[in-house]
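Please read the structure below before turning to the comments.
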Amino acid sequence: MTLINDINDNKNKQKRVITILGSTGSIGIQTLDVLNSLHNEFKIAFLTVNKNIDLLEEQAMLFNPIGVAIRDEDAYYKFKDNTSFKGKILCGEEGIIEAACFDENDLVLSALVGFSGVVPTLNAIKHKKNIALANKETLVSAGSIITKAAKANNVELLAVDSEHSAVLQSIVGESKNSIEKIILTASGGPFRNTAKDQFVNLTVRQALNHPNWSMGSKITIDSATMMNKGFEVIEAYWLFDLGLDKIDVLIHPQSIIHSLVQFVDGSVKAQLGLPDMRIPISYALTYPNRLKYNFPRLDLSEIGNLNFSKPDLVKFPCLGFAYESLRIGGSAPSVVNAANEVAVEAFLKEQIRFVDIAECIESALKSIQIVEDDNIEAIIETDKETRIFTDNYIKHYLTN
Ligand code: MG
């Protein structure tokens, strides 16, 4: 009897509609993997990509979304001319925004890379779409605007980031007043044990070799400089609405404890798991519920030891810049973000050295005029200005 009821329940249950911004990136691919086992729960509305149309073709055939959107115009025409996909095909940033705001969306998973995530995410929020946010640069650059818009539109902002998912899982059922601090864990990246004087010689290949997590190249470099952890501090500041003095970073090389929350009575809660992004992704998709998955399970007896230490801000100045930018306030975090994006791209192209990334951010933070962060135009302007500044800085001071 119960089984029949369950089957009828499933039949009658309305599927939730999801759009994935950035479906061919690392998070996008893993989200589709999760959705594959949740096919009774979700209907995919749109998949959006920058220009990876080969993978988009495969995904469109497999998941049969209502439509796709392609940011790059050349890629859009190429796709349109050759595809067997029969649904809607949208083009450019406008197409991405249309997909994000699509009427039937219940949830938009934003896995775009860098600042490009800001405007589509903001538009989705204004159309009252709940957001699963994997694109942390959105909160870094425009945290005040995004969180205010989410509040005004009664929209849920659910972090896909493993650390913030861990914090969320630890504070469910707790009152905000009882939180003393949150402690974001960091693996320390591939250069945790590298001596400072070796940093001038670090190569792209070494920096892309993250010890625990498999991720896209931008975030992997951000992890090597610890800029990623700095961004996560900013992300936590906006998501959990806690003072900066209540957010700590702890080095934990095994990436098993994904973060901790300390309460006013001295109690500490943590969330643990294998470093597999599909777990925080699925939590964001099904929050506040959990669904059964057959992902590999954590076996602490096999892991044996968990280690912890304080972060080294001399070796990893980028983490300090994140705190500094929040203390400065206004558009300062968006300066850090834009300078970092330009510098990481230059490093990946082997135009600058690993240590130059921090130098670019520091000089942008000193040179760009900080403005109020109360409107998106000001943030977009600051972002543009910082990119031009950083490009020039690299040309004049860092390359021959
Ligand atoms: Mg993270």
Side-chain angles (χ1 to χ4, degrees), residues 22 25-31 34 109-114 117 121 131-141 143 157-171 182-192 207-240 242 247-261 270-285 287 295 298 306 308 311 316 318-319 321-323 326 333 336-337 340-341 344:
S26 169
I27 294 288
I29 292 169
Q30 293 181 82
T31 301
V34 170
L109 184 126
S110 173
L112 297 166
V113 178
T121 306
I131 307 289
L133 192 64
N135 169 248
K136 67 191 76 179
E137 291 89 341
T138 290
L139 279 179
V140 171
S141 301
L157 270 185
L158 295 163
V160 169
D161 220 341
S162 60
E163 293 77 0
H164 306 76
S165 178
V167 172
L168 181 62
Q169 293 181 55
S170 303
I171 62 175
I182 62 183
I183 303 158
L184 302 176
T185 53
S187 71
F191 306 135
R192 181 174 53 89
L208 283 175
N209 186 22
H210 195 278
N212 302 341
W213 295 96
S214 135
M215 308 177 286
S217 58
K218 158 76 167 51
I219 188 174
T220 305
I221 301 301
D222 286 346
S223 297
T225 61
M226 289 199 73
M227 187 74 261
N228 181 56
K229 205 51 54 180
F231 287 162
E232 289 179 354
V233 168
I234 300 176
E235 195 183 3
Y237 175 84
W238 292 115
L239 277 175
F240 304 113
L242 291 169
I247 307 170
D248 275 1
V249 171
L250 178 70
I251 302 294
H252 164 45
Q254 293 87 1
S255 299
I256 295 297
I257 296 183
H258 298 312
S259 278
L260 313 94
V261 179
Q271 186 262 345
L272 288 74
L274 289 171
D276 182 337
M277 280 309 295
R278 292 174 303 176
I279 297 172
I281 289 170
S282 62
Y283 190 69
L285 297 184
Y287 170 87
F295 303 148
L298 173 65
L306 298 179
F308 308 94
F316 300 104
C318 292
L319 179 56
F321 297 149
Y323 278 95
L326 268 184
V336 173
N337 179 65
N340 180 62
E341 270 187 42
V344 168

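Every number for a ligand or one of its atoms is a count from 1 in the order of the listing. All values below were derived from every heavy atom in this structure, side-chain atoms included, with hydrogens, water molecules and symmetry-related copies excluded.
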Please enumerate all residues that pass side-chain contact (heavy atoms from CB on, under 4.5 Å) together with Ala236, with sequence neighbours excluded.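 Applying side-chain contact (heavy atoms from CB on, under 4.5 Å) to Ala236 gives His164, Ile182, Leu184, Phe240, Ile247.
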For Tyr237, the ring pair (Phe, Tyr, Trp, His ring centres under 6.0 Å) test, sequence neighbours excluded, returns none
With sequence neighbours left out, the residues meeting salt bridge (charged side-chain N to carboxylate O under 4.0 Å, His left out) with Glu163 are Lys229
Quick one, [X] and [Y] - any side-chain contact, counting heavy atoms below 4.5 Å?
X: Asn340; Y: Phe231; value: yes
X: Val344; Y: Asp222; value: yes
X: Ser217; Y: Leu208; value: yes

So the protein N/O/S atoms within less than 2.8 Å of the Mg ion (ligand 1) come down to Asp161 OD1, Glu163 OE1, Glu232 OE2
